[in-house]
Amino acid sequence: MNRYIIKFSKEGVICYISHLDTLRLFKRAFKREGICLSYSKGFNPHPKMGFAQPLPLGYSSVSEYLEFETDIPYQPQELAKALRRQLPEGIRIFSCEKGDDSKKSLAARTTAAEYIIAIPVGESTPRKSAADLCEDFLKQKEIRVPKRQKKSKEMKDINIRDKIRSMNIVSVGENLLVTALLDSGSDSNLSPELLITALVRFWGFPDERSDISVMRTKLSFL
């Protein structure tokens, strides 16, 4: 098995292309460089490649991972060099490493993700310190937010408190920078969007979602 893992960033205007379009972008880059990806069997074969975790549209990241397999062995540094020639501005390849022989994919091994959420508060700048705001928020026994259910499509309040592993806040100018480590993966997952909803409601800030930026800074694996 020739399995490889690429670590890369996704920043700038490129963060506004979708998860599937980003996958197609890498697929075309491999094809232009003549890299022989392995394909699945069956009626509709597709390349054996996938991201550790999908990155929501509009999020930037400095910690993305693409896992893929090839029909023939390559030197990891040569794969990284080839992709750097083909990928557009905004996607930067940090490294390429040989994957292990684990049967579990990176997606199945993901347990947590760290995000930096920048919330502009402007004239609503709180009187309390950032540390006190964080402490007050985390002291809640339950943090309930509405979430649309997949099957019924109905909105239902859920408790997200136990999915927040750690959080801290600093004040920078007219922004609050929230660094949060959240459950991520198939076993337990918390979208930063739900945390954002809970934060702005708890603090009573204006809910201008378009002004809030999110960057993923870390993924943790088993």
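By convention here, the first residue in the shown sequence is residue 1. Remember, it's a predicted structure, so these values are computed and weren't measured experimentally.
- Side chain of Arg148 to main chain of Met155: no donor-acceptor pair is present (N/O by atom type, distance under 3.5 Å, no hydrogens or angles).
- For Phe94, the CZ atom counts as densely surrounded, since its 6.0 Å shell holds more than 12 non-hydrogen atoms of other residues, nucleotides or ligands.
- Ion pairing of Arg216 with Glu114 is absent here, as no side-chain N (NZ or NE/NH1/NH2) approaches a carboxylate O to less than 4.0 Å.
- Within the 4.5 Å cutoff, the side chain of Asp100 has heavy atoms near those of the Arg3 side chain.
- Between the side chain of Asp21 and the backbone N or O of Ile17, no donor-acceptor pair lies under 3.5 Å.
- Looking only at side-chain heavy atoms (C-beta outward), Phe221 and Leu219 come within less than 4.5 Å of each other.
- Side chains of Glu67 and Ser105 form a contact here, defined as non-hydrogen atoms less than 4.5 Å apart.
- With a 6.0 Å radius and a threshold of 12 heavy atoms from other residues, nucleotides or ligands, Gln149 has its CD atom above the threshold.
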*Show your reasoning for whether side chain to side chain contact (heavy atoms under 4.5 Å, CB included) applies to Thr197 and Leu195.*
CA-CA 5 Å; Thr197 298; Leu195 177 60; over 6 Å; no
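- Proximity of a side-chain donor or acceptor of Asn159 to a complementary backbone N or O of Glu142 within less than 3.5 Å is not detected.
- Checked by atom type and distance alone, the side chain of Tyr74 pairs as donor or acceptor with a backbone atom of Cys36 at under 3.5 Å.
- In this structure, Lys98 forms a cation-pi arrangement with Tyr4, its terminal cationic atom sitting closer than 6.0 Å to the ring centre and no more than 45° off the ring axis.
- Rounding to the nearest 0.5 angstrom, the gap separating the CG atom in Leu25 from the NZ atom in Lys10 is 9.0 Å.
- Considering every non-hydrogen atom in both Ile143 and Ala198, the closest pair reads CG2-CB, 3.6 Å.
- Atom CD of Glu174 and atom CG of Leu176 lie 11.0 Å apart (nearest 0.5 Å).
- Of all the heavy atoms in Leu37 and Asp71, the pair that sits closest is O-OD2, 3.6 Å.
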*Under the side chain to side chain donor-acceptor pair (under 3.5 Å) criterion, do Glu64 and Ser61 qualify, and how do the steps go?*
CA-CA 7 Å; Glu64 293 304 289; Ser61 177; 2.7 Å; yes
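- In terms of modelled atom types and a separation under 3.5 Å, the side chain of Arg161 and the main chain of Leu138 share a donor-acceptor contact.
- Although no hydrogens or angles enter the test, the distance criterion places no donor-acceptor pair under 3.5 Å between the side chain of Arg28 and the main chain of Lys31.
- Between Glu97 and Tyr65, the side chains place no donor N or O within less than 3.5 Å of an acceptor N or O (distance only, hydrogens not considered).
- Judged purely by distance below 3.5 Å, without hydrogens or angles, the side chains of Lys163 and Ser188 pair a donor atom with an acceptor atom.
- Checked by atom type and distance alone, the side chain of Ser40 pairs as donor or acceptor with a backbone atom of His46 at under 3.5 Å.
- Thr70 contributes no side-chain N or O that, together with a main-chain N or O of Pro73, makes up a donor-acceptor pair within less than 3.5 Å.
- Linking Ile, Leu, Val, Met, Phe, Trp and Tyr whenever their side-chain heavy atoms come within less than 4.5 Å puts Ile119 and Phe202 in one cluster.
- Remark: the backbone N or O of Leu83 is not paired with any side-chain donor or acceptor of Gln86 at under 3.5 angstrom.
- Below 30°, between 30° and 60°, or above 60°: for Phe8 and Phe51 the angle between ring planes is between 30° and 60°, a tilted geometry.
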